[in-house]
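Quick note: residue numbers are just sequence positions, from 1.
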Amino acid sequence: MADTKREIERKYEATDATRLPDLSRVAGVGQVVERGVTELDAVYYDTADLRLASHSLTLRRRTGGADEGWHLKFPVATGIRDELHEPLADTLPPSFAALLRSRLRHTEPVPVVRLLSSRDVQHLNDPDGTLLAEVSVDTVLAERLAGEGTGTTATWTEIEVELADDGDPAFLDAVEKRLRKAGVRPSESPSKLARALAETAPVRKEKKPKADDPQTAGDHVLTYVRQQIRTIVDLDPAVRRDLPDSVHKMRVATRRLRSAFKTYRRILDRETTDPVGAELKWLAGELGVDRDQEVLDERLTTRVDALPTTLALGPVGSRLTVWSAARRTGSRRRITDVLDGKRYLALLDTLDALAADPPLRPAASRAPGKELPRAVLKDYKKLARRMGHALEHPPGPERDAAMHEARKAAKRARYAGDAARPALGKPAKRFAKRVKAVQTVLGDHQDSVVARDALRTLAIEAHAAGETTFTWGLLYGHEEAAADARERELPEVWARASDPVLRADLKH
């Protein structure tokens, strides 16, 4: 696994006449240590169409300095990136190739820019000698290596202030205040690569920009669809890195996309989208296996931890741990295999093709204020039918199953409202919020159904091992009470979501 570092830095414009002010006067600085000048030679890689740069990703091979080697940077927020490092080698490290697979697909990255930097470094330390930040003045020579502008060069000088590991970001504010007083201004470019690409690109006559605002119903739906596709691609490396909640977020994006295909069938031709939806369902299923187990584990562990010690009879905690481990599928490796498989990569290619050449139907050209409410309300009617079916059943397995079906319909109706929100505004937001409340109640009820089934299994295993089943029965009772509370809460929550005024607002 590549070494990972959270990089928090700020960049500033500099000229030949720019001189750093006395940074020892910055609050908290005890000493400024000159670290000398380092010569850096970095080659940046990308596809011919600069696919990585368009996603604000940076891939480089650099010599010189203490961290020479391959670097891959992912944006986290403005001025914050995760930097992954692999040792120096002649070819792209396999770990980086995997992290970039959702973007590169079948394309090999090629050198696009070379940067030669002369870096003059200072360390800002606190009175105890602990590093607070590194300040560097970089004199840069950039050369375009591929595409239009090949051979073009550009030079500039910039100042970088990088926060020390585990440092307080507020310290960067103090440094910036001092720099601004000296006339130093923040850079307009987020990175050296971005500046190099901009300054070595051919000069073109400015064209009147096209209007990007969605105008038709089809424009709005496609904007939403493309956002979900982008989210899936963006989350691929996060899933591979096993970042928190990344699998869940990627699964949600696949569900939102599949739901949009179903909801907006009058806008996107289902002959094209139905097969894609089937593949999205497959991907969501692969992503969901261990996510579902994770949710169940958290619920049961919380229940066990909340018990007084006098009621936790027998090896409850250890049995739950062993049971959970046995149900795990070696998920991380299995999910990685899915993301490396031909089926997944083919799905990404299909999604790209669909976004580039969408299968629009005649209704796509109509006004969003007419077409989108129609689609949202159709999903609402389906939800209403399933809710009526669920509420008419007495408590028991049939009601549990009916409530689960209603939950799926609520999720789809909520997603429909979310997709329509940019066009319909507050009415769609209120609709989605009310339906989400219904989905939450139904979801917690379904989680209780699953938990009770698991607790019964755990009780059977404990009994077979000669252990007391008292605690498992107690927890089963807690889950029964939780489900009953949700069932009693549901009619009121549904009444708010089924308010006729809420639906009427969607049409105006």
Side-chain angles (χ1 to χ4, degrees), residues 46-47 49-57 59 72-77 82 96-107 220-264 267-268 270 272-292 294 331-359 408 411-412 414-416 418-419 421-422:
D46 206 332
T47 59
D49 58 357
L50 301 179
R51 207 173 302 159
L52 301 183
S54 70
H55 286 77
S56 300
L57 300 182
L59 172 64
L72 177 58
K73 298 185 181 185
F74 290 94
V76 176
D82 279 346
F96 284 6
L99 291 172
L100 294 171
R101 189 158 290 129
S102 66
R103 272 92 170 189
L104 297 179
R105 312 281 171 80
H106 319 288
T107 306
H220 281 279
V221 172
L222 285 175
T223 297
Y224 182 80
V225 163
R226 287 167 178 152
Q227 286 172 348
Q228 305 316 312
I229 294 173
R230 173 90 181 226
T231 298
I232 292 171
V233 172
D234 286 350
L235 284 170
D236 177 294
V239 170
R240 294 174 186 272
R241 293 169 62 196
D242 201 23
L243 296 186
D245 215 27
S246 57
V247 172
H248 172 61
K249 290 178 179 178
M250 189 175 185
R251 188 186 186 193
V252 168
T254 64
R255 286 176 162 176
R256 284 182 175 273
L257 185 54
R258 181 167 171 255
S259 182
F261 290 159
K262 290 183 175 181
T263 297
Y264 296 106
I267 292 172
L268 296 173
R270 65 179 299 177
T272 298
T273 60
D274 278 1
V276 182
E279 289 301 283
L280 289 169
K281 182 179 181 180
W282 159 77
L283 178 59
E286 293 291 343
L287 294 171
V289 172
D290 279 333
R291 170 61 186 174
D292 291 341
E294 179 184 339
S331 64
R332 193 163 186 282
R333 179 63 204 167
R334 185 181 55 76
I335 289 177
T336 300
D337 289 342
V338 169
L339 299 185
D340 285 338
K342 292 181 179 179
R343 185 174 181 178
Y344 168 71
L345 295 178
L347 173 58
L348 294 185
D349 289 340
T350 299
L351 293 175
D352 279 352
L354 186 147
D357 186 19
K408 291 188 282 188
K411 187 177 295 185
R412 178 169 160 183
R414 171 197 164 193
Y415 290 162
D418 287 340
R421 182 177 169 183

Exercise. Can you name the nearest heavy-atom pair linking Arg251 to Ala284, along with the distance?
Worked result: NE-O, 3.4 Å

Exercise. So, Arg240 side chain and Leu99 main chain: donor-acceptor pair closer than 3.5 Å or not?
Worked result: no

For this session: To the nearest 0.5 Å, tell me how far Ser246 OG sits from Leu287 CG.
Result: 9.5 Å

Exercise. Are the side chains of Leu351 and Val225 in touch, meaning some heavy atoms are under 4.5 Å apart?
Worked result: no

Exercise. Is the closest side-chain heavy-atom distance between Val338 and Trp282 below 4.5 Å?
Worked result: yes

Exercise. At what distance, to the nearest 0.5 angstrom, does CG of Leu339 lie from CE of Met250?
Worked result: 5.0 Å

Exercise. So, do Phe261 and Leu354 sit near enough that their side-chain heavy atoms are less than 4.5 Å apart?
Worked result: yes

For this session: Looking only at non-hydrogen atoms, find the nearest pair between Tyr264 and Ala416 and report the distance.
Result: OH-O, 3.1 Å

Exercise. Among Arg334, Arg105, Arg101, whose salt bridge (charged side-chain N to carboxylate O under 4.0 Å, His left out) with Asp340 holds?
Worked result: Arg101

For this session: For Tyr415 and Leu257, indicate whether the former's side chain and the latter's backbone hold a donor-acceptor pair under 3.5 Å.
Result: no

Exercise. Does atom CZ of Arg421 have more than 12 heavy-atom neighbours, drawn from other residues, nucleotides or ligands, at distances under 6.0 Å?
Worked result: no

Exercise. Is it true that a side-chain atom of Thr263 and a backbone atom of Ala260 form a donor plus acceptor pair closer than 3.5 Å?
Worked result: no

Problem set entry | Validation row: Leu104, Leu52 side chains within 4.5 angstrom (heavy atoms) | yes

Problem set entry | Pairwise distance CG(Asp418) to OH(Tyr224) - rounded to 0.5 angstrom | 6.0 Å

For this session: Decide side-chain contact (heavy atoms from CB on, under 4.5 Å) for Leu222 and Leu268; before the verdict, give the C-alpha distance in whole Å, the side-chain angles of both, and the deciding distance to 0.1 Å.
Result: CA-CA 9 Å; Leu222 285 175; Leu268 296 173; 4.1 Å; yes

Problem set entry | Leu100 CG to Thr47 OG1 distance, which is reported to the nearest 0.5 Å | 10.5 Å

For this session: Under the side-chain contact (heavy atoms from CB on, under 4.5 Å) rule, what do Arg414 and Arg256 come out as? Steps first, then yes or no, please.
Result: CA-CA 10 Å; Arg414 171 197 164 193; Arg256 284 182 175 273; 3.7 Å; yes

Problem set entry | Test log, rule side-chain contact (heavy atoms from CB on, under 4.5 Å), inputs Leu347 and Val276 | CA-CA 7 Å; Leu347 173 58; Val276 182; 4.2 Å; yes

Exercise. More than 12 heavy atoms of other residues, nucleotides or ligands under 6.0 Å from CG of Asp357: is that the case?
Worked result: no

Problem set entry | Any side-chain heavy-atom pair of His220 and Pro422 under 4.5 Å | yes

Exercise. What is the distance from atom CZ of Arg103 to atom CG of Asp234, rounded to the nearest 0.5 Å?
Worked result: 4.5 Å

Exercise. Any side-chain heavy atom of Pro75 sitting closer than 4.5 Å to one from Leu57?
Worked result: yes

Exercise. If you measure from OH on Tyr344 to CG on Asp349, what distance do you get to the nearest 0.5 Å?
Worked result: 10.5 Å

